[in-house]
Amino acid sequence: MPPTALIEGRGIVKSFGGRRILDGLDLFVADGARIGILGPNGSGKSTLLRILAGTEAADAGAVTARRGLVIAQLPQLVDGDERDAVATVLDARPELQETAAALAAVERRRADTTDRREIEPALAHQERVLERWTEIGGGSAEGDARAILRSLGLDDADLGAPTRTLSGGQRKLVALAAALARRPDLLLLDEPEAHLDMNRRGQLEHLVNGFDGAVVMVSHDRYLLDECVADIAELDRGRVRMWPGNYSAYTLARRLELERRQQRWVSQPKEIARLEEAVRRFRHWAHIRVNERAARQARVKQLLIDRMEKVERPVFERKKMALALRAAVRGGERVIELEGADVAFGDDPVLIDVDLTVMRGERVGVVGPNGAGKTVLLRAMLGELPLRAGTRRIGPSIRVGYLSQTADGLPGDAPVIDALRHGRSLAEDAAVRKLIGFLFDYEQIRRPVASLSGGERTRLAFLLLMEEGANCLVLDEPTNHLDIDSIEVVEDALERFDGTVIAVSHDRYFLDRLADRIVVVADGEVKSYEGGWSANASATSSYERTRAAWS
């Protein structure tokens with residue numbers, strides 16, 4: 001019996017300007033599916049999720065969903081506002097407010113009714129509304145909201161704060177809780193791991209695996225894709241190809257297919273040449289002897305050539321951004337030093353008595369729970385935050401390049417090419433070449449920065465960083481929103497970089513490959529441990545177990 005479709009897209013087409021992103025795409029999502037969507041940045045992964053969610057319209061094609069299907073979507077970027085976390089989760093369920101308003105109205109009507117003939121219908125109506133209130137869990141809604149937020153790692157202080165004051169990871173968790181509060185049949189997750197620490201990534205894996213409905217997620221976390229998906233949807237050149245299995249199974253199967261295609265690509269010209277020689281030979285015999293049988297054989301061989309599916313040359317590696325990081329000057333031996341440093345916001349201490357010295361050429365990985373102060377530590381090292389106590393020293397000739405967590409220092413209204421040329425003596429044709437080398441096309445180059453996806457913004461930020469020639473790179477979650485191919489390019493470039501790297505990251509692959517020292521930020525303290533992630537963590541995935549092992 002074929003699987004039941006929750007939602008299905010057929011022939012979906014979507015263009016932005018003159019650039020076609022989705023080109024006749026088909027996607028079938030069955031009940032209980034676990035699908036991971038992979039593809040280069042800008043290939044249309046987020047657009048596809050929005051079309052499935054109904055928040056964006058396709059130019060052509062159709063999306064059909066099962067009657068009564070409830071869809072919840074977690075967007076790639078989550079902006080906070082003045083509401084606290086509990087209010088945000090409750091507002092995700094408009095039926096609560098509607099039923100509460102109906103209940104209040106019927107109670108007022110009953111209180112104002114004196115005619116006995118109207119009392120009985122009013123009581124019956126009130127009973128129906130109360131049944132609906134109970135059915136949707138109105139009485140326990142706030143308690144349920146608090147419970148799910150706490151299960152995702154937010155404490156009471158976080159629950160009462162405006163979401164705009166929360167960290168990027170905390171805002172993502174609030175948005176995830178709001179999505180789950182809708183009790184959806186289909187959960188659409190756009191880079192759910194972004195800004196989450198390792199412990200919460202483990203909680204996310206547990207949550208997705210325990211979810212009763214179907215899940216379609218865009219993710220660049222190789223661990224998450226191995227743990228949580230059963231099929232990979234590869235989005236390439238506007239269409240989807242399905243691969244059974246998790247990420248590791250996909251990479252192996254894709255490599256084997258490319259090798260088989262390479263063999264066919266090599267052998268097919270030889271087969272075509274053999275058939276063309278046979279056609280020439282049979283035609284020659286038919287001509288000199290007027291042989292109908294030979295003429296028929298020639299037509300058959302030619303038909304085989306014409307009907308043969310031509311094998312395109314397989315591409316083992318997609319085009320990658322031309323990132324090459326080089327320090328303009330060598331810099332001093334001691335790069336950045338904090339001694340007895342305290343950092344606070346008002347009366348609230350964030351970091352206490354921090355002693356940390358970073359030497360030239362080091363690769364320092366900074367880890368810790370969301371909200372522990374990792375970004376605060378980076379900004380304190382850069383001098384962007386004042387110290388309440390202690391000293392900060394930056395070595396002579398040190399030029400620092402900073403990549404923020406969301407690449408938010410970019411001018412949103414400016415065209416991409418203007419953002420690159422601003423403050424630089426860079427000719428337009430040279431700027432175009434550099435942007436094309438970072439996988440931007442001609443149409444994107446003229447678009448405003450604000451229209452770029454998260455991964456495209458990060459690529460642009462890395463290009464600007466490359467142009468600075470800094471000898472100390474301070475990176476706040478540099479792999480966020482990048483596709484896996486781009487992450488590997490960043491890892492290669494940082495390995496070859498001749499300066500110093502300080503990077504906050506929750507990507508275990510990235511930390512294992514890059515870091516030669518791990519700095520743990522937790523409970524106001526900053527502790528340093530020699531070696532990479534696995535060397536210190538013994539391959540544990542939970543931050544709490546890791547911190548206990550290091551304590």
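Worth knowing before you read on, the calculation uses all heavy atoms, side chains too, and leaves out hydrogens, waters and symmetry mates. From a predicted model like this one, the values you see are computed outputs, not experimental measurements. Heads up: numbering here begins at 1 and tracks the sequence.
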Could you point out which residue of Ile502, Leu494, Leu403 forms a side-chain contact (heavy atoms from CB on, under 4.5 Å) with Leu473?
Leu494
Show your reasoning for whether side-chain contact (heavy atoms from CB on, under 4.5 Å) applies to Leu204 and Asp221.
CA-CA 12 Å; Leu204 175 64; Asp221 186 312; over 6 Å; no
Evaluate the criterion side-chain contact (heavy atoms from CB on, under 4.5 Å) for residue pair Met321 and Met466; output intermediate values, then yes/no.
CA-CA 12 Å; Met321 62 175 174; Met466 185 177 84; over 6 Å; no
For Asp23, is there any backbone N or O sitting under 3.5 Å from a side-chain donor or acceptor partner on Lys14?
no
What's the verdict on side-chain contact (heavy atoms from CB on, under 4.5 Å) for Arg496 and Leu325, showing C-alpha distance, side-chain angles and the deciding distance?
CA-CA 8 Å; Arg496 294 192 298 269; Leu325 298 167; over 6 Å; no
Residues Asp507, Arg222: salt bridge by 4.0 Å N-O rule:
yes
What is the minimum heavy-atom distance between Leu511 and Ser505, and which atoms define it?
CD1-O, 3.7 Å
Ignoring hydrogens and geometry, is there a side-chain-to-backbone donor-acceptor pair from Arg447 to Glu443 under 3.5 Å?
no
Side-chain contact, heavy-atom cut-off 4.5 Å: Thr375 with Val504?
no
Kindly check if the number of other-residue, nucleotide or ligand heavy atoms within 6.0 Å of CZ (Arg326) is above 12?
no
When every non-hydrogen atom of Ala214 is compared with those of Gly32, the smallest separation belongs to CB-N, 3.8 Å
Does Leu452 offer a backbone N or O that forms a donor-acceptor pair with the side chain of Arg457 under 3.5 Å?
no
Any chance you could lay out the side-chain contact (heavy atoms from CB on, under 4.5 Å) test for Thr47 and Glu56, step after step, and finish with the verdict?
CA-CA 8 Å; Thr47 301; Glu56 188 164 323; 3.7 Å; yes
Side chains of Arg20 and Ser15: does their closest heavy-atom pair fall under 4.5 Å?
yes
Straight-line distance of Ile7 CD1 to Leu186 CG, nearest 0.5 Å
6.0 Å
Out of curiosity, Met381 CE to Tyr402 OH, how far, rounded to the nearest 0.5 Å?
11.5 Å
Gap between atom CZ of Arg459 and atom CZ of Phe440 - 0.5 Å precision
4.5 Å
Look only at the side chain of Arg182 and the backbone of Ile71, and say whether a donor-acceptor pair between them is shorter than 3.5 Å.
yes
Let me confirm one number: the CZ-CG distance from Arg241 to Leu25, rounded to the nearest 0.5 Å.
14.5 Å
Do Leu465 and Leu323 come within less than 4.5 Å of each other through their side chains, counting heavy atoms only?
no
Does Arg508 count as lying over the ring of Tyr223, i.e. NZ or CZ under 6.0 Å from the six-ring centre, within 45 degrees of the axis?
yes
Flag the pair Asp429 and Arg433 as a salt bridge only when some basic side-chain nitrogen lies within less than 4.0 angstrom of an acidic carboxylate oxygen.
yes
Would you kindly check if the NZ (Lys) or CZ (Arg) of Lys434 is within the cone defined by 45 degrees around the ring axis of Phe438 and under 6.0 Å from the six-membered ring centre?
no
Taking C-beta and beyond as the side chain, do Arg379 and Val474 meet within less than 4.5 Å on heavy atoms?
no
Can you tell me if Asp185 uses its side chain to pair, donor with acceptor, with the backbone of Val70 under 3.5 Å?
yes
What one should report as the nearest heavy-atom pair of Leu152 and Leu173 is O-CD1, 3.4 Å
Can you measure from SG (Cys228) to OH (Tyr247) and round to the nearest 0.5 angstrom?
15.5 Å
Looking at every heavy atom in both Lys45 and Leu38, which two are closest together, and how far apart are they?
CD-C, 3.8 Å
More than 12 heavy atoms of other residues, nucleotides or ligands under 6.0 Å from CZ of Arg330: yes or no?
no
How close do Ala179 and Gln73 get, counting heavy atoms only, and between which atoms?
CB-O, 4.5 Å
Between Arg421 (side chain) and Ala419 (backbone), is there a donor-acceptor pair under 3.5 Å?
no
Indicate yes or no for a side-chain donor-acceptor contact from Asp483 to the backbone of Pro40 under 3.5 Å, with no hydrogens or angles considered.
no
Close side-chain approach of Ser486 to Phe462, heavy-atom, < 4.5 Å:
no
Report yes if some heavy atom in the side chain of Leu464 is under 4.5 Å from a heavy atom in the side chain of His422; otherwise report no.
no
Does Asp498 use its side chain to pair, donor to acceptor, with the backbone of Ala327 at less than 3.5 Å?
yes
What is the distance from atom CG of Asp190 to atom CG of Leu77, rounded to the nearest 0.5 Å?
8.0 Å
Heavy atoms of Gln444 and Leu439 approach each other most closely as OE1-O, 3.9 Å
Under 3.5 Å, is there a donor on one side chain and an acceptor on the other for Asp81 and Thr163?
yes
Is the CZ atom of Arg10 crowded by more than 12 outside heavy atoms at less than 6.0 Å?
no
Intermediate values then yes/no, salt bridge (Lys or Arg N to Asp or Glu O under 4.0 Å), Arg446 and Glu428
CA-CA 12 Å; Arg446 304 297 177 182; Glu428 183 172 341; 2.6 Å; yes
With respect to Leu187, which candidate in Leu180, Leu74, Val208 satisfies the side-chain contact (heavy atoms from CB on, under 4.5 Å) definition?
Leu180
Main-chain N/O of Val329 paired to Asn471 side chain as donor or acceptor, under 3.5 Å
yes
Donor-acceptor pair, Glu193 side chain versus His220 backbone, under 3.5 Å?
yes
Does the side chain of His506 reach to within under 4.5 Å of the side chain of Arg200, using non-hydrogen atoms?
no
